[in-house]
Amino acid sequence: AYLDCSQGRPQTTTLLLLTFIAACCPIEEVCASIVRSHRETSQYRVEELQALRWKLFSREEIHAYQSKSMDEMWQHCALRLTDAVQYVVEFAKRIPGFRQLCQNDQIVLLKNGSMEVVLVRMTRAFNTENSTVFFDGKFAGTELFKALACSDLIAAVFDFAHSLCALRLTEQQVALFSALVLINSDRPCLEERGRVERVKKEVELALSHTLHRDNQEGLMNKLYQKVAILKSLCSLHIEKLRWFRQLYPLTVHSLFPPLYKELFASDTDLPLLGIHH
Ligand SMILES: O=C(O)[C@H]1CC[C@H](C(=O)N2CC[C@@]3(S(=O)(=O)c4ccc(F)cc4)c4ccc(OCc5c(F)cccc5Cl)cc4CC[C@@H]23)CC1
């Protein structure tokens, strides 16, 4: 399908060019390294999460979470998110070509994409049968997060989990989709957009190669529709954080993880992202 065979035989130049591209970085290699990186940098293996999917919080445990103060529960979730983001930073550093991007662009991609990748990874920890998500070692429904006082954001997070789970992605497809979400050349303030574009094309090719092999080409545009939902979810999170910060400025200032603040609560530089050489 890649070669123009309308004249009955592929154009020699195209053939040479494709052979050269395939030789320097065979697409199977790119797929394998992204899938391996995803496995190595996930907080939990999907098999572990599946094995725990019916381990639910008791009513007393749920009540204990609901009785937390709003700022305490926000701090707890911010901590959990920061943990998850650190694994995503590790994943990014292992995507072929990411480390070769300039530092500014690596930071821009992580600042804008890490939460999105965490949300994609969350779907592996989601049980659609009882609408629960893996949290603090057991599976929790939306009611557990009541103390956060942002039920619309929580509902949107759960709805997204349902909608992505409905695509029944394989772990390999989750890995490649996560890389595609991260390597987004439309992010604002990129300095070398063309280079990000080339890395993105490589990841896109790897994903479409895998979908073709899985006979699921139709998934590609469905996945791009999910990217739009991820963007709105992240904006909602930032909006809620601004609202929360007005109520509890000291909590955010002194009790939220520094990395969380730098990713989601200010435009300062991100020395903590750990990608400095
Ligand atoms: O195996 C792996 O790698 C995966 C294991 C599972 C991990 C995972 O699912 N997660 C890691 C952290 C966690 S969570 O488990 O704490 C969680 C929180 C709320 C939910 F409705 C569902 C889950 C999380 C935390 C904050 C958040 O939004 C920002 C936010 C705040 F910051 C503060 C207040 C309110 C909000 Cl909404 C959204 C999410 C979604 C991803 C969740 C993701 C990685």
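When reading the values below, keep in mind they use all heavy atoms of this one structure, side chains included, and skip hydrogens, waters and symmetry mates.
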List the steps and the verdict of ring pair (Phe, Tyr, Trp, His ring centres under 6.0 Å) for Phe139 and Phe57.
CA-CA 6 Å; Phe139 276 75; Phe57 283 107; 9.2 Å; no
Residues pairing under ring pair (Phe, Tyr, Trp, His ring centres under 6.0 Å) where one sits in residues 168-187, two or more places apart or in two chains, turn out to be none
Please determine, by modelled atom types, if [X] and [Y] share a side-chain donor-acceptor pair under 3.5 angstrom.
| X | Y | value |
| --- | --- | --- |
| Ser58 | Glu61 | yes |
| Arg187 | Asn112 | no |
| Ser131 | His162 | yes |
| Gln172 | Arg213 | yes |
| Glu197 | Ser185 | yes |
| Gln43 | Asp83 | no |

message: For the backbone of Asp186 and the side chain of Asn184, can you confirm whether one donor and one acceptor N or O come within less than 3.5 Å of each other?
response: yes
Does Lys111 use its side chain to pair, donor to acceptor, with the backbone of Glu262 at less than 3.5 Å? yes
field: Aromatic plane relationship, Trp74 with Phe244 - under 30° parallel, 30 to 60° tilted, over 60° perpendicular
entry: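 Rings of Phe244 and Trp74: parallel, under 30°.
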For Val199 and Gly97, the nearest pair of non-hydrogen atoms, with its separation, is CG2-O, 4.0 Å
So how far is it from [X] [atom1] to [Y] [atom2], rounded to the nearest 0.5 Å?
| X | Y | atom1 | atom2 | answer |
| --- | --- | --- | --- | --- |
| Leu233 | Ile229 | CG | CD1 | 8.0 Å |
| Leu236 | Lys231 | CG | NZ | 14.0 Å |
| Glu192 | Gln100 | CD | CD | 11.5 Å |

Self-check item: Cation-aromatic face contact Arg242/Phe264, 6.0 Å, 45 degrees
Solution: no
**Q.** Side chains of Arg94 and Ser33 in contact at under 4.5 Å (non-hydrogen atoms)
**A.**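 Answer no - side chains too far apart.
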